[in-house]
Amino acid sequence: MHPTSLTEWRKLPLGLSELCINTTLRCGQSFRWQHLPDNEEWRCVLYGRFLSLKQDSEYLYYRSTPPPHLHIHAALQHSSHNDVEDPLVRIINHYFNLTPSLTDLYSQWSLSDPNFKKKASQFTGIRILRQDAWEALVSFICSSNNNIARISQMVEKLCAIYGQSVAEIDGRTYFDFPKPERLTGPNTESELRKLGFGYRAKYIYETAQTIAEMREKGWLDGLSNPECPAFGVEPKPSSEMKPEGRDGYREAHEKLLELKGVGPKVADCVSLMGLGWGESVPVDTHVWQIAQRDYRFGKSSSKTLNKTTYDAVANHFRKLWGKEAGWAHSVLFTADLRTFADKLAATKKVDVKVEETKSEVMIETDVSTAIALKMPKEDVDVKVKVEDIDEAVKTPKGKKRKESDGIIHAAHTTETRRISKRLRR
DNA sequence: GGCTTACCTAGTTG
DNA sequence: ACAACTAGGTAAG
């Protein structure tokens with residue numbers, strides 16, 4: 001394939017508190033975005049179309065390859081508008097779920113939940129993506145007992161082997177996500193095992209088989225929230241909200257559980273990020289820890305996360321945060337991720353001096369602000385005194401961290417290592 | 001219904 | 001170097 005040309009950057013007015021791609025694309029919702037650290041650019045393929053993004057405090061910048069003629073997603077061709085509306089804008093609005101006002105939602109959640117208010121100021125602009133349901137389903141089957149780095153690797157391999165080549169830019173080929181039919185071959189399971197999918201190989205193969213051969217066409221997308229349908233489908237009103245979620249959400253969740261490798265947590269991830277059900281609250285190990293630590297769970301309820309406890313936690317958060325509980329959940333979940341732990345650790349006590357080498361202007365800030373401002377890492381020289389870190393992180397000396405509140409301390413230990421490593425170079 | 005255990009593997013930890 | 005452990009769970013008993 002020839003190197004593909006890129007269009008000029010175009011821009012959309014959009015504040016960082018309405019969308020922060022640097023956080024949203026790294027918090028474990030989508031596993032396919034490529035991050036180019038040089039200029040903080042993000043690249044991916046959506047609906048068969050290559051897309052590149054970057055952002056500053058006022059605008060979201062986007063560019064793509066010239067409009068394709070043949071291999072275009074069907075929904076794009078049915079552009080019923082006479083206005084020459086940029087198809088990329090439609091894709092961006094849909095994928096990033098840009099219709100609801102995120103700042104309004106944040107103030108709503110802050111009003112009803114002091115803990116949210118406390119954490120949220122460091123984690124603004126986190127949106128729930130409206131991803132393709134099939135891609136979300138496969139991605140989250142991969143996520144079981146796994147870490148974000150490896151999930152991303154696996155999804156990437158899946159696209160490279162089974163997906164269609166869409167563009168070649170800077171020597172890298174970009175692929176679309178393969179349809180279920182591409183994964184129903186008799187050797188798929190063993191191929192996936194060779195690619196390092198482990199026991200998930202069987203789940204993916206069997207689920208692809210089920211959807212391709214045992215379900216009506218459009219079955220999965222048909223489980224979508226009518227208010228937030230698949231790309232290119234007209235929105236319709238949805239049913240009324242209930243404590244356990246709307247009827248359509250309950251039904252989607254139940255149907256997803258019939259698929260191999262799909263338990264309650266994966267079903268909720270797909271419902272939330274792939275089917276547009278905002279009340280879906282995936283309760284994973286992090287959320288369970290958060291519920292026990294910050295929301296008084298764990299005393300009366302059982303020690304392990306069984307089905308009853310799962311529903312109790314999810315219902316509690318739905319009651320607390322309302323119809324878009326899953327969006328709020330994602331903010332707290334992100335705050336708890338190790339990748340982002342430095343935001344909280346740093347702002348607590350570490351005073352980090354950041355020197356922007358380009359302008360040679362010295363500013364004092366914490367790591368969190370530096371990240372929030374999205375200073376290119378290469379342009380930022382972070383200087384931290386080791387005593388400050390030790391003082392701030394208070395690395396525990398006890399060997400058995402697991403017994404107590406292990407998660408926090410473990411995160412701090414990791415963070416200490418990470419910063420020390422950075423200092424050594 | 002609630003609780004255990006096995007399941008793949010890349011990367012990290014001690 | 002190298003064994004043990006960890007990471008967005010699920011299925012089966």
Side-chain angles (χ1 to χ4, degrees), chain A residues 24 26-31 126 128-129 131 136-158 189-207 210 253 256-274 280-291 298 300-314 317 326 329-341 395-403 406-407 409-418 420-421:
Chain A
T24 301
R26 282 195 303 149
C27 69
Q29 290 194 57
S30 170
F31 302 94
I126 300 175
I128 292 296
L129 301 171
Q131 303 183 61
L137 175 57
V138 175
S139 302
F140 285 106
I141 287 177
C142 291
S143 78
S144 85
N145 216 338
N146 208 347
N147 58 70
I148 293 180
R150 180 151 83 112
I151 301 165
S152 306
Q153 260 190 134
M154 288 159 66
V155 174
E156 184 57 41
K157 280 182 193 170
L158 189 79
E189 185 186 336
S190 64
E191 287 165 7
L192 288 176
R193 274 192 177 266
K194 277 178 204 155
L195 290 173
F197 281 66
Y199 59 83
R200 303 163 196 84
K202 190 180 201 175
Y203 296 159
I204 292 170
Y205 167 68
E206 291 189 2
T207 291
T210 303
H253 194 270
L256 288 169
L257 287 180
E258 294 170 5
L259 302 169
K260 282 292 168 60
V262 179
K265 190 266 173 181
V266 171
D268 269 323
C269 286
V270 177
S271 299
L272 178 64
M273 303 160 203
S280 175
V281 180
V283 182
D284 53 40
T285 137
H286 285 148
V287 177
W288 175 228
Q289 300 281 355
I290 292 169
S300 55
S301 53
S302 71
K303 183 70 187 157
T304 55
L305 188 53
N306 56 48
K307 180 64 181 149
T308 312
T309 316
Y310 186 105
D311 290 337
V313 171
F317 285 131
H329 135 279
S330 182
V331 176
L332 293 194
F333 170 83
T334 304
D336 237 47
L337 274 182
R338 288 193 177 186
T339 326
F340 296 96
T395 308
K397 294 190 174 142
K399 289 150 198 167
K400 295 272 178 184
R401 298 194 305 272
K402 242 183 185 174
E403 257 68 274
I407 292 243
H409 289 184
H412 285 175
T413 311
T414 310
E415 178 57 14
T416 311
R417 278 173 179 274
R418 202 175 68 75
S420 310
K421 203 179 284 179

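Every value quoted in this text rests on a predicted model; they were computed, and no experiment measured them. Order of the sequence lines fixes the chain letters, A, B, ..., with proteins taken first and strands second; residue numbering starts at 1 for each chain. Excluded from the calculations below are hydrogen atoms, water molecules and symmetry mates; all remaining heavy atoms, backbone and side chain alike, are included.
Among the protein residues, A/P264 comes within range of the sugar-phosphate backbone only, with heavy atoms under 4.0 Å from sugar or phosphate atoms but none that close to a base. Heavy atoms of A/E206 sit nowhere under 4.0 angstrom from any nucleic acid atom. Among the atoms of the strands shown, only primed sugar atoms or phosphate atoms (P, OP1, OP2) are found under 4.0 Å from some heavy atom of A/I148. Across all strands shown, A/C142 has no heavy atoms under 4.0 Å from either base or sugar-phosphate atoms. Base engagement by A/R200 is indicated by at least one non-hydrogen atom pair under 4.0 Å involving a base atom. Within the nucleic acid shown, A/L259 comes within 4.0 Å of sugar-phosphate atoms alone, with no base atom in reach, counting heavy atoms only. At a threshold of 4.0 angstrom between heavy atoms, the contacts of A/V287 with the nucleic acid are absent.
Every side chain to side chain contact (heavy atoms under 4.5 Å, CB included) that A/S190 has, sequence neighbours left out, goes to A/N187.
Distances from the side chain of A/N145 to the nucleotides C/dA7, B/dG1, B/dC3 place C/dA7 closest. Comparing B/dG1, C/dG9, B/dC8 by their closest approach to the side chain of A/V266 singles out C/dG9. Of the candidate nucleotides C/dG9, B/dT4, B/dC8, C/dG9 has the atom lying nearest to any side-chain atom of A/S144. Considering only the side chain of A/Y199, B/dC7 comes nearest among C/dA7, B/dC3, B/dC7. Checking B/dG11, C/dA7, B/dC8 against the side-chain heavy atoms of A/Q153 singles out B/dG11 as nearest.
For the P atoms, the distance from B/dC8 to C/dG13 is 15 Å, rounded to whole Å. A gap of 16 Å separates the P atoms of C/dA4 and B/dA6, to the nearest Å. When the P atom is compared between C/dC5 and B/dT5, the two are found 15 Å apart, to the nearest whole Å. Between B/dT9 and C/dA1, the two P atoms lie 24 Å apart (nearest whole Å).
Regarding A/D336, its CG atom lies at a distance of 14 Å from the C1' atom of C/dA7, rounded to whole Å. To the nearest angstrom, P of B/dC8 lies 9 Å from NZ of A/K202.
For C/dT6, the paired base is B/dA10 (Watson-Crick or G-U wobble, both distances below 3.5 Å).
Residue A/R338 has no polar side-chain atom (N or O) positioned under 4.0 Å from OP1 or OP2 of C/dT6. In this model, the phosphate group of B/dC3 is approached by a side-chain N or O of A/T304 to a distance below 4.0 Å at OP1 or OP2. The phosphate of C/dA7 has neither OP1 nor OP2 within less than 4.0 Å of any side-chain N or O from A/T285.
Contact annotation: side chain of A/N306 to base of B/dG2, donor-acceptor pair absent below 3.5 Å. Residue A/Y310 places no side-chain atom within donor-acceptor reach of the base of C/dG9, judged by atom type and a 3.5 Å distance cut-off alone.
By the 4.5 Å heavy-atom criterion applied to side chains, A/S143 and A/K265 are counted as neighbours. Two residues are said to be in side-chain contact when any heavy atoms from C-beta on lie closer than 4.5 Å; A/D268 and A/Y310 meet this criterion. Side-chain contact between A/I128 and A/Q29 is present, with at least one heavy-atom pair separated by less than 4.5 Å. With contacts defined as side-chain heavy-atom distances shorter than 4.5 Å, the pair A/K307/A/D311 qualifies. Side-chain contact between A/T334 and A/V331 is absent, with no heavy-atom pair separated by less than 4.5 Å.
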